[in-house]
Protein chains: 2
Amino acid sequence: MATIKDVSRLAGVSVATVSRVLNQNGYVHEDTEKKVLNAIRELNYIPNDVARSLTKKSAKMLALIVPDITNPFFNELARAVEKVTQLYGYATILCNSDDTPANEKQYIHALKQKYIDGFILATNTLSPEEIQQLDVPVVMLDRTISSTIPTVASDNREGARMAVQFLLNQGCRTIAHIRGPLELSIADERCQGYLDEVGQADWFQPDLIVNGDFNLHHAADAIHELLDRHPDIDGIFAGNDIMAMGALRAVQKRGVAVPDAMQIVGYDGITLGGMVYPELTTVAQPIYEMGLLAARMLIKLIEKKPLDVMHYKLDVELVQRGTTRGSANQP
Amino acid sequence: MATIKDVSRLAGVSVATVSRVLNQNGYVHEDTEKKVLNAIRELNYIPNDVARSLTKKSAKMLALIVPDITNPFFNELARAVEKVTQLYGYATILCNSDDTPANEKQYIHALKQKYIDGFILATNTLSPEEIQQLDVPVVMLDRTISSTIPTVASDNREGARMAVQFLLNQGCRTIAHIRGPLELSIADERCQGYLDEVGQADWFQPDLIVNGDFNLHHAADAIHELLDRHPDIDGIFAGNDIMAMGALRAVQKRGVAVPDAMQIVGYDGITLGGMVYPELTTVAQPIYEMGLLAARMLIKLIEKKPLDVMHYKLDVELVQRGTTRGSANQP
DNA sequence: CTGTTAGCGCGTTCAG
DNA sequence: CTGAACGCGCTAACAG
């Protein structure tokens with residue numbers, strides 16, 4: 001591996017000059033620039049990132065920490081983030097915290113040792129105070145925890161309302177909700193949206209809401225119990241697509257026809273929803289756009305540019321497919 | 001952030017001594033060691049990874065490059081790899097190449113700038129020569145491309161045989177195979193295993209084999225065409241679970257009952273296979289074990305320790321579930 | 001416009 | 001056993 005010294009020697013200039021053409025700062029004569037460029041090409045020189053990081057105290061690198069890399073939602077997010085960061089000359093590293101605080105902290109500390117420039121957190125394990133203490137730029141994605149930390153999320157409550165309204169319009173008489181983890185704000189908001197629509201209905205009962213922990217198998221189990229208690233349920237709004245798939249699986253196992261006897265709507269709009277049969281009707285978040293926005297915000301933060309918006313709340317869209325009636329995609 | 005200098009000052013010793021207790025090499029008096037340790041604790045000192053990497057020309061870091069991070073197979077692999085590397089004091093970074101050579105090369109070069117110590121490649125885009133030229137330790141995972149590069153894979157041919165044999169035992173009369181990409185050795189081997197079992201059967205025809213590119217939607221499309229041509233097919237062996245899910249989806253869409261009128265077996269044993277209904281019968285690879293082995297091999301390679309085995313070929317196991325008959329998990 | 005020089009934080013001889 | 005000094009490869013003043 002050639003070093004900047006080799007280049008300077010071959011070009012007959014000082015290392016400072018080479019550094020200048022490399023970073024395009026300071027004045028440098030056209031002719032000497034050419035000489036340097038030639039030397040660089042000839043030696044196939046590539047600057048050493050580690051040395052550079054050491055002096056700049058920055059690795060041009062940021063991390064996206066997600067709770068579950070298996071969840072396609074986060075993969076789609078990761079793509080978007082990577083796209084932006086690449087554009088701005090940053091590297092992205094993807095970390096799976098498994099929703100465990102210890103893992104998350106481990107990653108964060110390990111990466112801080114490497115002069116990481118910032119984090120996008122799609123996780124929920126750190127308190128606002130802990131994040132503040134990190135002393136590194138942070139953007140929260142799909143989780144709101146503090147007004148002082150920049151955030152990108154979708155309009156969860158409105159999205160939930162849309163879903164439930166749609167189920168009512170499709171003729172559902174008794175709609176259950178399978179919600180996400182209790183501590184999670186997005187799960188609360190989606191539950192609120194459900195309550196907005198049906199909380200006052202004469203058939204409504206609090207135990208139509210069950211917890212599925214954003215987990216497929218928990219959701220499936222919860223649905224089985226729920227249907228044992230309330231055989232009259234003919235609509236399910238799930239707090240995310242994974243749970244909707246769990247519900248679908250449970251319902252199918254009981255031999256109940258979807259969407260004829262039971263309609264299901266999820267939330268997220270992950271591609272996996274199109275992989276099951278019938279395809280999942282869902283409230284689609286603009287996942288890619290959320291990733292783009294979060295990455296741009298973080299980079300602005302890192303480069304100390306002003307943020308025009310601190311908290312994004314993006315619009316969602318109802319995607320009608322096979323688990324509800326009246327769609328072209330229906331069985 | 002405290003530096004080694006701060007520590008040395010507080011402890012009243014030289015930086016060299018601090019370095020010695022940090023790395024536990026060289027002689028150092030018990031008492032001075034205590035002083036140093038105390039200073040370290042007091043200052044909450046953590047050595048700077050970047051500076052360390054610069055002198056050691058190693059970042060204690062390795063990368064796992066996978067073609068599709070959305071595929072749960074690779075996630076399970078990633079967990080295993082991370083587990084081992086952590087144990088040995090290495091950091092792991094997970095990269096998604098999207099099966100594009102350009103992406104893969106981009107990652108590799110970016111990481112080489114950061115003094116990465118080695119790669120585990122679960123991809124297929126680089127030629128053996130290109131890998132050799134990288135001048136960095138590499139282990140191939142689930143792909144064999146050259147006898148000189150260490151490899152971890154499962155016994156694909158035998159696994160495929162098991163799957164097809166099982167379908168025959170379950171009473172299938174006409175078994176199709178939906179295979180993976182043509183250039184992929186593992187796809188070839190699984191196809192061979194299929195041919196081993198049924199290539200001589202009187203009902204066999206070459207066009208019972210179709211290409212699904214390890215992709216769910218391609219697989220679904222291919223199955224539709226196939227069933228139009230051969231309505232008599234009553235068994236499908238898919239080259240991986242994702243394609244098996246595509247096949248399942250296609251079959252269900254046609255209103256064919258699984259497993260009564262059609263039985264399906266996949267390959268891989270990803271958890272996703274348990275998330276659809278009916279649950280996928282599959283040939284399970286020891287995914288976790290494969291990840292462990294690959295990581296251990298790579299670390300041995302990096303630390304220039306001898307490898308006792310260059311090419312691992314692991315046993316697989318048939319997991320009977322709902323897409324074949326006669327299982328407890330059947331509908 | 002260009003070269004010299006002093007760090008960045010740490011590891012490592014090589015004398016003591 | 002311990003410390004002084006140099007080097008890893010690069011950037012950033014500061015002179016010229």
Side-chain angles (χ1 to χ4, degrees), chain A residues 1-40 43-61 89 91 109-117 303, chain B residues 1-40 43-61 89 109-117:
Chain A
M1 272 287 167
T3 77
I4 198 173
K5 224 170 176 174
D6 299 327
V7 176
S8 74
R9 214 171 309 158
L10 182 60
V13 299
S14 77
V15 291
T17 307
V18 178
S19 175
R20 281 191 195 97
V21 340
L22 241 38
N23 301 292
Q24 317 224 44
N25 62 7
Y27 299 85
V28 67
H29 193 89
E30 247 187 65
D31 296 352
T32 59
E33 176 167 5
K34 280 219 175 103
K35 280 193 296 186
V36 172
L37 255 23
N38 282 331
I40 288 177
L43 293 173
N44 219 294
Y45 167 73
I46 303 172
N48 181 314
D49 258 6
V50 178
R52 193 174 261 179
S53 296
L54 185 60
T55 60
K56 307 265 280 208
K57 289 179 186 311
S58 146
K60 278 286 204 177
M61 181 168 76
H109 288 300
L111 290 170
K112 280 188 70 178
Q113 301 308 308
K114 295 191 182 297
Y115 284 141
I116 192 125
D117 295 293
E303 300 181 347
Chain B
M1 274 287 165
T3 75
I4 198 173
K5 223 170 176 175
D6 300 326
V7 176
S8 74
R9 215 170 309 158
L10 182 61
V13 298
S14 77
V15 292
T17 307
V18 179
S19 175
R20 282 191 196 98
V21 340
L22 241 38
N23 301 292
Q24 319 223 46
N25 61 7
Y27 297 86
V28 74
H29 194 90
E30 246 187 68
D31 296 351
T32 59
E33 177 167 3
K34 281 221 174 100
K35 280 195 294 185
V36 172
L37 256 22
N38 281 332
I40 288 178
L43 292 173
N44 218 292
Y45 166 74
I46 304 173
N48 181 313
D49 258 6
V50 178
R52 194 173 259 181
S53 295
L54 186 60
T55 59
K56 306 266 280 204
K57 289 176 186 316
S58 147
K60 277 286 205 176
M61 181 169 75
H109 288 299
L111 290 169
K112 279 188 70 178
Q113 302 308 309
K114 295 191 184 296
Y115 285 141
I116 191 124
D117 296 293

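Labels below follow one simple rule: chain letters A, B, ... track the order of the sequence lines, proteins then strands, and each chain is numbered from 1. The shown structure was predicted, so the numbers you read here are calculated from the model rather than taken from an experiment. Just so it is clear, the values below take in all heavy atoms, side chains as well, and ignore hydrogens, waters and symmetry mates.
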**Request:** Dump the intermediate steps for side-chain contact (heavy atoms from CB on, under 4.5 Å) on B:Leu22 and B:Tyr45, then the final yes or no.
**Result:** CA-CA 11 Å; B:Leu22 241 38; B:Tyr45 166 74; 3.7 Å; yes

**Asked** Could you go step by step and tell me if A:Asn48 and A:Thr3 meet the side-chain contact (heavy atoms from CB on, under 4.5 Å) rule?
**Response** CA-CA 8 Å; A:Asn48 181 314; A:Thr3 77; over 6 Å; no

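In this structure, the nucleotide among D:dC10, C:dC1, C:dT5 sitting nearest to the side chain of A:His29 is C:dC1. When distances are taken from the side chain of B:Asn48 to each of C:dT2, C:dG9, D:dG9, the shortest belongs to C:dG9. Residue B:Pro47 has its side chain nearest to C:dC10 when only C:dG9, D:dT11, C:dC10 are considered. Taking every side-chain heavy atom of B:Val13 into account, D:dG3 is the closest of D:dG3, D:dT2, C:dG11. Side chain of B:Ile4, nearest nucleotide from D:dT11, C:dC10, D:dC1: C:dC10. When distances run from any side-chain atom of A:Thr17 to the nucleotides C:dG3, D:dG9, C:dC1, the shortest one goes to C:dG3. Side-chain proximity of A:Thr3 to D:dA12, D:dA4, D:dG9: nearest is D:dG9. In the set C:dG3, D:dG3, D:dG7, the nucleotide with an atom closest to the side chain of B:Ala16 is D:dG3. If you check C:dG9, D:dT11, D:dT2 against the side chain of A:Thr55, the one that comes closest is D:dT11.
At least one side-chain nitrogen or oxygen of A:Ser19 sits closer than 4.0 Å to the OP1 or OP2 atom of D:dT11. Dashed line: the shortest gap from a side-chain N or O of B:Lys57 to OP1 or OP2 of D:dG9 is under 4.0 Å.
At whole-Å resolution of the value, NZ in A:Lys114 and C1' in C:dG9 are 14 Å apart. Regarding B:Arg52, its CZ atom lies at a distance of 19 Å from the P atom of D:dC8, rounded to whole Å. Protein atom CZ of B:Arg20 is 13 Å distant from nucleotide atom P of C:dC14, rounded to whole Å. As rounded to whole Å, 14 Å separates atom P of D:dC1 from atom CG of B:Asn25. Rounded to a whole Å, the CG atom of B:Leu54 is 9 Å from the C1' atom of C:dC10. Counting to the nearest Å, the C1' atom of C:dC10 and the CG atom of B:Asn23 are 9 Å from each other. When rounded to the nearest whole Å, the span between OH of B:Tyr27 and P of D:dG3 equals 18 Å. Put simply, NZ on A:Lys34 is 17 Å from C1' on C:dC1, counting in whole angstrom units.
Salt bridge status for B:Asp6 with B:Arg9: present, with a side-chain N to carboxylate O gap under 4.0 Å.
Using a 3.5 Å distance cut-off with no hydrogens or angles, the side chains of A:Ser53 and A:Asp49 do not pair a donor with an acceptor.
The residue B:Ser53 sits apart from the nucleic acid: no heavy atom pair falls under 4.0 Å.
Nearest approach of A:Ala11 to A:Val36, heavy atoms of both residues: CB-CA, 4.0 Å.
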